[in-house]
Every structure is written in C-alpha cells, then in structure tokens.
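Worksheet: one structure, shown below.
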There are 2 protein chains.
Amino acid sequence: MSNIREVARRSGVSVATVSRALKDPQMVSPRTRERVLKAVEEAGYRPNQLARNFSSGKSFAVMVLVPNIANPFFSKVIRGIEKAAQDQGYSVLLGDTKGDTAHEQFYAGMALTNQADGLIQLGGCYPFAEKDAALAASVPMVNACERIAEDDRYPVVELDNSGAAQALARHLIGLGHRRIGVITGPMKSPIVRDRLAGFEEEMQRHGLTLNTELVVNGEFTMPSGAEGAQKLLSSISAPTAIFCMNDEMAIGAIHQAKKMGLQIPTDVSVAGFDNIEFSQFTDPPLTTVDQPAEALGRYAMETLRQIIDGKPMKSSRTILPFDLVVRGSTDRYQD
Amino acid sequence: MSNIREVARRSGVSVATVSRALKDPQMVSPRTRERVLKAVEEAGYRPNQLARNFSSGKSFAVMVLVPNIANPFFSKVIRGIEKAAQDQGYSVLLGDTKGDTAHEQFYAGMALTNQADGLIQLGGCYPFAEKDAALAASVPMVNACERIAEDDRYPVVELDNSGAAQALARHLIGLGHRRIGVITGPMKSPIVRDRLAGFEEEMQRHGLTLNTELVVNGEFTMPSGAEGAQKLLSSISAPTAIFCMNDEMAIGAIHQAKKMGLQIPTDVSVAGFDNIEFSQFTDPPLTTVDQPAEALGRYAMETLRQIIDGKPMKSSRTILPFDLVVRGSTDRYQD
DNA sequence: CTGAAAGCGCTAACAG
DNA sequence: CTGTTAGCGCTTTCAG
C-alpha cells in the first residue's frame with residue numbers, strides 16, 4: 001500500500017501539498033496539481049481513510065441498532081438510512097440486537113470508543129449500560145420507529161401511531177365490526193401503547209369498548225401472531241375482526257384462522273401494520289397501515305448528521321404520515 | 001473525551017504502562033494495574049478504538065455486499081456473519097447494492113481505503129471497478145451464497161445448488177409430474193445455472209425433458225414470480241408443477257395461480273428455494289429447499305478472517321448441505 | 001502557493 | 001516490570 005509520502009516523493013512536492021491537491025484542489029497551482037495527480041495514478045495511491053478519520057477524530061460511521069434485521073420493515077428503514085448515510089459520506093455499521101440487552105450495550109458501546117460518531121436506535125430501549133450513562137450522554141443518538149420510554153433527551157422520528165390505529169379502528173367499525181380483537185406487540189414499547197390507546201379511543205368515540213379479553217400480547221413475529229389468533233378465535237366471544245400490530249403477526253393470524261377452518265374476511269377480518277411487501281401477497285391481501293419506512297430511515301440519518309455536526313441534541317418529534325391501505329383481508333361484518 | 005495520557009498522568013505512570021495494563025494485564029505489577037484501573041475509572045476513560053485501529057493498520061471491520069437486504073434469506077446470512085464477526089472482534093459494514101454496479105464499486109472501494117479489512121460478497125459479480133483491479137487483487141474477499149462467474153480467485157461458501165435442484169426435481173417427478181415449469185433467477189448468475197442444470201439433469205435421468213418454453217426468467221422478487229407464473233400457466237401446455245428458484249418468486253407464483261382460479265396443489269404444485277420464514281405461512285405452506293443461511297454467513301466470515309490473518313487467498317469451495325422441506329404446496333399430479 | 005513540523009491516541013520496540 | 005521514543009498516514013497550523 002503506497003502512502004502519501006510516496007506520492008510526495010514521486011511528484012517532488014511535500015506531503016502537505018499532496019494532501020491539499022487531493023482535498024482542496026484549488027489550493028494548489030494547476031501545474032502542481034497535475035503532477036500530483038499523475039504521481040497518484042502511477043503509485044496506485046488511495047488515501048488511507050482510516051488515517052484521515054483518525055486525524056480528524058471522527059469515524060464517519062454510524063451505528064444502527066436494529067431489533068430484528070429479518071423483519072422486512074426494518075430492512076426498508078435501513079435502506080433509507082444507508083442511502084442518506086452514503087450521500088453524507090458516512091458508512092453504516094450494523095448491529096442486530098435481537099432485542100437483547102447485552103447485544104445493545106455491546107453495539108452502543110462502539111460509539112463510546114470512537115468507532116461510530118453516532119447511533120440510530122430502531123428499538124425502544126436505552127441502549128447503553130447504566131454505568132456508561134455519563135459518557136453516553138454526549139453521544140449523538142436519534143430514535144426512529146420506536147421511542148425510548150421515559151426518556152426525552154433524544155430526537156425521535158416516528159409515525160403517527162395513534163392516528164394510524166384510529167384510522168384502522170374507524171375502518172373496521174365502518175365495516176360493521178363491533179367485537180374487535182387486538183394482537184399487540186410487547187407492552188413495554190411506547191409505540192405499542194400509542195397504537196393501543198389510539199385504537200381504544202376511536203372505539204370509544206363510537207360508543208364501543210375494547211374488551212380487555214380481546215387484547216392479547218404478541219411479539220411482532222408470525223408464530224406469536226398465530227398464537228394470539230388461536231387464543232382470540234377459540235374464545236367464546238370470538239372477535240369478528242383482529243387488528244395485529246404488525247404485518248408478520250397478521251400473517252400468522254391469517255394462517256391460524258384458516259387452520260381453524262375460518263374464512264377471511266368472511267368469518268373474520270384481519271388487519272396488519274407496516275405494509276411490508278409480503279402483505280400484498282397474502283391470501284387474501286392484507287389490509288394494513290403503510291409506514292414510509294425509507295423516509296423514516298432517511299430522516300433519522302439526516303437528523304443524526306445534524307447533531308454530529310454540532311446541533312444540540314434535544315428532545316424533538318418528527319411525525320411522518322401514514323397511509324391506510326385497504327385490501328381484501330377486511331370486509332363488512334355479516335351477522 | 002479523556003485519553004491515555006490523562007490516565008497516565010492520574011495514575012503516575014507512563015502511557016505505555018497504561019496501554020499494557022489494559023491490553024496485557026499480566027505484564028504489569030498488580031499494584032500498578034490497580035492504580036491504572038482506578039485512574040481509568042475516575043477519568044471515565046475508554047480507549048479510542050479508532051486510534052488503536054489506525055495504529056495497527058487495520059480497521060477490524062468487514063464490508064458485506066448484499067444484493068437486497070429486504071430479502072429475508074440474506075438477512076439470515078447477515079445474522080450469521082455478524083455473529084461470527086462479533087466473536088472475532090470485527091464489526092460489520094453494510095453495503096446494500098441493490099444489484100447495482102455503481103453501488104458495488106462504491107462499497108467495495110472502501111476496502112481499498114482501509115475502511116474495511118475484507119469483503120464478503122453475497123452477490124455474483126466482481127465488485128471492484130476494472131481500474132481498481134490491480135489494487136483489489138490483494139484485498140481479502142470471500143464469496144458466499146453466490147459465486148462470481150469465471151473468477152476462481154476467491155473462496156466460495158455455497159450450497160449444493162445442483163444437488164438441491166435435483167432433489168426437488170426428484171420430489172416432483174416422484175409425485176407424478178411430467179410437465180414441470182421453472183421460474184429462474186437472473187441467468188447470468190452461476191448458481192441459477194447450477195440449479196437449472198441440476199434440475200434438468202434429474203429430469204433427463206427419468207427420461208423427461210425440460211421444455212424450454214416452460215423455463216421463464218425471474219428476478220428473485222415476488223412480482224417477477226407472479227409474472228412468470230402468469231406466463232407459464234396461461235400457455236397451452238401449462239405445467240402441472242412449477243419450481244421457483246427462490247421463495248419470494250414462489251409466493252408470487254402462488255398468488256398469481258390463485259388469481260387465475262387455480263388451486264394449489266390440486267391444479268398446480270409450486271416449490272420454492274431458501275426456506276425463508278414466510279414460506280411456512282403461505283397458503284398452502286411452501287415446499288422448499290432449506291439453506292443453512294446463518295451457517296453460510298458464519299462460515300464466510302470465518303474464512304474471510306483466516307485470509308485477513310494471512311492465509312493465502314485462493315480458490316476453494318465449501319459446500320453446505322441443503323434440506324428438502326416438503327410442505328403442502330406440492331402434491332401428486334392427478335390426471 | 002508551498003514546505004516544515006506538530007500532533008491526532010495508541011502501540012511496540014528498545015532500554016533500563 | 002516500567003519508561004522513553006519512534007512511528008502509523010494524514011491534516012493543519014505557521015512560516016515563508
């Protein structure tokens with residue numbers, strides 16, 4: 001690997017000039033520039049970015065903490081992050097936490113050792129170890145998709161979760177459903193609570209109540225959706241519609257309902273959340289809430305960038321718009 | 001951010017001793033060690049990994065080039081890579097190439113500027129720009145899942161694609177199917193050709209021929225699977241079974257077949273490849289070939305690590321075993 | 001416009 | 001066992 005000194009030697013100038021010719025071409029005379037570039041060519045020289053970063057005290061990398069990379073919704077968010085990162089000259093370090101605290105702390109710790117200039121947390125937990133909290137206070141971080149409970153030190157980029165749940169409730173109620181079940185995500189997640197609250201609120205607005213027996217817990221996975229549906233549909237007062245808090249659970253629920261001999265949407269309507277690509281290909285296609293996943297990612301990255309560049313990190317909320325996508329999995333309730 | 005000098009000052013030793021106390025504790029006396037650790041604590045010191053890396057001339061990061069991060073199969077591979085990377089003290093830089101040459105070259109280029117110590121290419125193309133080929137020759141790289149056509153300089157970790165396709169063919173033929181259609185991936189991909197060749201070979205072994213009109217091209221996406229199925233199923237000599245070269249296309253094909261009023265597997269059997277989690281939840285559940293995705297990733301990372309550590313990079317093939325998973329989407333052909 | 005030199009934070013000889 | 005010192009490759013003053 002040839003270095004800047006080698007290029008300096010070949011072109012008969014100082015290393016400083018080489019550095020300038022490469023970074024700030026108009027700072028050197030055209031003749032010199034040309035000579036340097038020629039030498040660069042001949043030497044097959046590529047600036048050592050590692051050294052550059054070290055010298056500048058920044059890594060130009062951001063760490064992305066993702067609860068589950070196998071979830072296509074998060075993949076899309078990551079795409080948005082990556083695109084924006086690339087535009088800004090940053091690289092993306094991936095940290096698949098699997099919802100596990102040890103993993104989160106491990107990856108988040110990389111921002112404490114200058115391996116990342118900032119953090120994007122797609123999960124809903126404070127990612128640092130408690131003992132690192134003091135140091136961590138100054139690392140640029142933004143929350144996207146999720147929101148760290150009881151912690152408003154960080155900017156958040158999220159969906160209007162409550163509004164989306166309301167829209168979905170309105171849709172189902174409008175179809176004549178009165179007994180509606182919900183398969184939630186982990187209840188410690190603020191956005192799960194937002195969605196539940198929004199849903200309930202809308203039901204109440206229509207004079208309906210959300211029967212707590214018809215609210216079951218899921219974990220944003222297909223098997224947990226199937227399990228939830230099994231519980232709901234085998235109860236005496238089975239719901240005529242089920243709102244699942246993500247598409248994966250909805251897919252699991254549809255699967256389970258069919259297994260139990262029910263037809264969708266004739267016997268039971270099912271709705272999801274996220275609008276992952278698979279939701280178009282279920283049978284029937286899934287009614288769901290579209291989240292602008294890439295935009296969420298892009299926004300998060302841009303916000304993070306500003307903080308890295310010195311803008312004070314403070315609580316803020318960016319709410320992106322949702323879109324209710326009605327497909328075949330929900331239909332009028334027939335008595 | 002406090003640095004090693006600060007700790008040295010606080011503990012009254014030299015920076016070298018601090019360095020040693022942290023990296024190689026038994027090289028310093030217990031008393032010194034203790035004093036240093038105390039100072040570290042007090043100063044809230046974390047070694048600057050960026051500086052460490054720079055000093056050692058390595059980034060301890062690997063770049064992973066993935067054709068499509070939204071494909072759950074690749075997500076699983078990445079999980080395997082990440083797990084292994086973490087075990088070995090490496091971090092993972094993500095490069096979602098979207099199959100685009102410019103993106104590939106951009107991300108691959110990061111290995112040329114010391115931002116990554118090596119590359120894992122999950123796609124089937126030579127990722128460097130031609131003009132960088134000379135420099136690139138020495139960057140550690142391994143190919144996983146795919147294989148770079150006509151290039152045997154790199155180790156490859158892959159599946160027995162031909163064997164898997166043969167097993168699938170045997171399965172379908174055993175069910176009585178004679179007119180079998182195939183929806184391939186991009187034909188420039190070596191593994192697509194492997195699968196096709198294996199499939200055809202097995203058919204011939206049974207005295208059957210693969211009608212070229214029943215082979216259509218797909219792009220590993222659900223829409224392209226639907227499109228392929230549309231072509232196949234609307235032809236005069238429609239196949240009684242369709243082999244799709246990944247699960248996404250199979251999901252698209254099932255969707256399309258149903259749309260055309262066909263029942264699966266009664267009217268047409270459909271099989272996929274990869275065994276992504278969604279394939280268990282299609283209706284009917286998908287017969288497919290399980291690839292040990294995480295193991296593929298882990299193996300690739302371990303192989304790459306050896307090369308980074310000095311083992312000569314040379315052509316090699318690691319073939320991982322597949323597993324034919326028979327589910328409800330394939331059944332006996334009824335005349 | 002260009003060169004000399006300091007320095008980023010850490011590691012690793014080399015002495016002692 | 002510990003300290004001194006010389007880098008790692010680049011950027012960035014500061015002079016000229």
Side-chain angles (χ1 to χ4, degrees), chain A residues 1-40 43-61 89 109-117 135, chain B residues 1-40 43-61 89 109-117 135:
Chain A
M1 215 63 175
S2 72
N3 59 22
I4 199 172
R5 237 174 1 256
E6 156 99 2
V7 175
R9 200 178 47 65
R10 279 178 188 259
S11 50
V13 300
S14 71
V15 293
T17 302
V18 176
S19 176
R20 288 190 276 249
L22 261 28
K23 273 213 112 171
D24 228 335
Q26 75 274 38
M27 267 188 78
V28 303
S29 79
R31 252 193 87 246
T32 316
R33 194 187 318 153
E34 206 174 323
R35 255 194 311 159
V36 170
L37 294 181
K38 183 151 155 287
V40 164
Y45 170 70
R46 305 303 279 274
N48 182 332
Q49 197 63 41
L50 202 56
R52 272 190 174 170
N53 293 350
F54 167 62
S55 182
S56 72
K58 293 181 46 180
S59 65
F60 291 97
M110 293 176 61
L112 263 22
T113 54
N114 299 59
Q115 292 177 93
D117 296 336
L135 283 171
Chain B
M1 213 64 177
S2 73
N3 59 25
I4 199 172
R5 235 172 4 254
E6 155 100 2
V7 176
R9 200 179 48 64
R10 279 178 188 259
S11 50
V13 300
S14 71
V15 293
T17 301
V18 175
S19 176
R20 287 190 278 250
L22 260 29
K23 273 211 112 170
D24 228 335
Q26 74 275 36
M27 267 188 79
V28 304
S29 79
R31 252 193 89 246
T32 316
R33 194 186 317 153
E34 207 173 322
R35 256 196 309 162
V36 170
L37 293 182
K38 183 152 155 289
V40 164
Y45 169 70
R46 303 305 278 273
N48 181 332
Q49 196 63 40
L50 201 55
R52 273 190 175 170
N53 292 349
F54 166 63
S55 183
S56 71
K58 293 180 47 178
S59 65
F60 290 97
M110 294 176 61
L112 263 22
T113 55
N114 299 59
Q115 294 180 93
D117 296 336
L135 284 170

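Just so it is clear: chains get the letters A, B, ... in the order the sequence lines come, proteins before strands, and each one is counted from 1.
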Checklist entry - So, S59(B) versus D117(B): side-chain donor-acceptor pair below 3.5 Å or not? => result yes
Taking only N/O atoms, report every protein-nucleotides 1-3 of chain D pair under 3.5 Å with atom names and distance.
from	atom 1	to	atom 2	distance (Å)
dT2(D)	OP1	S29(B)	OG	3.1
dT2(D)	OP1	T32(B)	OG1	2.1
dT2(D)	OP2	S29(B)	N	2.9
dT2(D)	OP2	T32(B)	OG1	3.4
dG3(D)	OP2	S14(B)	N	3.0
dG3(D)	OP2	S14(B)	OG	3.2
dG3(D)	OP2	T17(B)	OG1	2.6
dG3(D)	N7	R20(B)	NH2	2.6
dG3(D)	O6	R20(B)	NH1	3.1
dG3(D)	O6	R20(B)	NH2	3.4

Distance in angstrom units between [X] [atom1] and [N] [atom2], rounded:
X: L50(A); N: dC10(C); atom1: CG; atom2: C1'; value: 12 Å
X: K58(B); N: dA12(C); atom1: NZ; atom2: P; value: 12 Å
X: R5(A); N: dA6(D); atom1: CZ; atom2: P; value: 15 Å
X: Y45(B); N: dG9(C); atom1: OH; atom2: C1'; value: 7 Å
X: N114(A); N: dG9(C); atom1: CG; atom2: P; value: 9 Å
X: N53(A); N: dT12(D); atom1: CG; atom2: P; value: 12 Å
X: Q49(B); N: dT11(C); atom1: CD; atom2: P; value: 8 Å

Item to check | Carboxylate-amine/guanidinium contact E34(B) K38(B), below 4.0 Å | outcome: no
Next on the checklist: If we ignore hydrogens and angles and just use 3.5 Å, is the side chain of R10(A) paired with the main-chain N or O of A39(A) as donor and acceptor?
Outcome noted: no
Checklist entry - Between the main-chain N or O of T113(A) and the side-chain N or O of R46(B), is there a donor-acceptor pair closer than 3.5 Å? => result no
Checklist outcome for this item: When every non-hydrogen atom of L50(B) is compared with those of N53(A), the smallest separation belongs to CD2-O, 3.9 Å
Next on the checklist: From C-beta outward on R52(A), which listed nucleotide comes closest to its side chain: dC10(C), dT11(D), dG9(D)?
Outcome noted: dT11(D)
Checklist entry - Which of the following nucleotides, dC8(C), dT12(D), dT11(C), is nearest to the side chain of I4(B)? => result dT11(C)
Checklist entry - If only side-chain N and O atoms of N48(A) are considered, is one of them under 4.0 Å from the OP1 or OP2 phosphate oxygen of dG9(D)? => result no
Checklist entry - Distance check: side-chain N/O of S56(A) vs OP1/OP2 of dT11(D), anything under 4.0 Å? => result no
Next on the checklist: Test: side chain to side chain donor-acceptor pair (under 3.5 Å). Region: residues 17-28 of chain A. Which pairs qualify, not counting sequence neighbours?
Outcome noted: S14(A)-T17(A)
Item to check | Stepwise side-chain contact (heavy atoms from CB on, under 4.5 Å) test for L22(B) and L37(B) | outcome: CA-CA 8 Å; L22(B) 260 29; L37(B) 293 182; 3.9 Å; yes
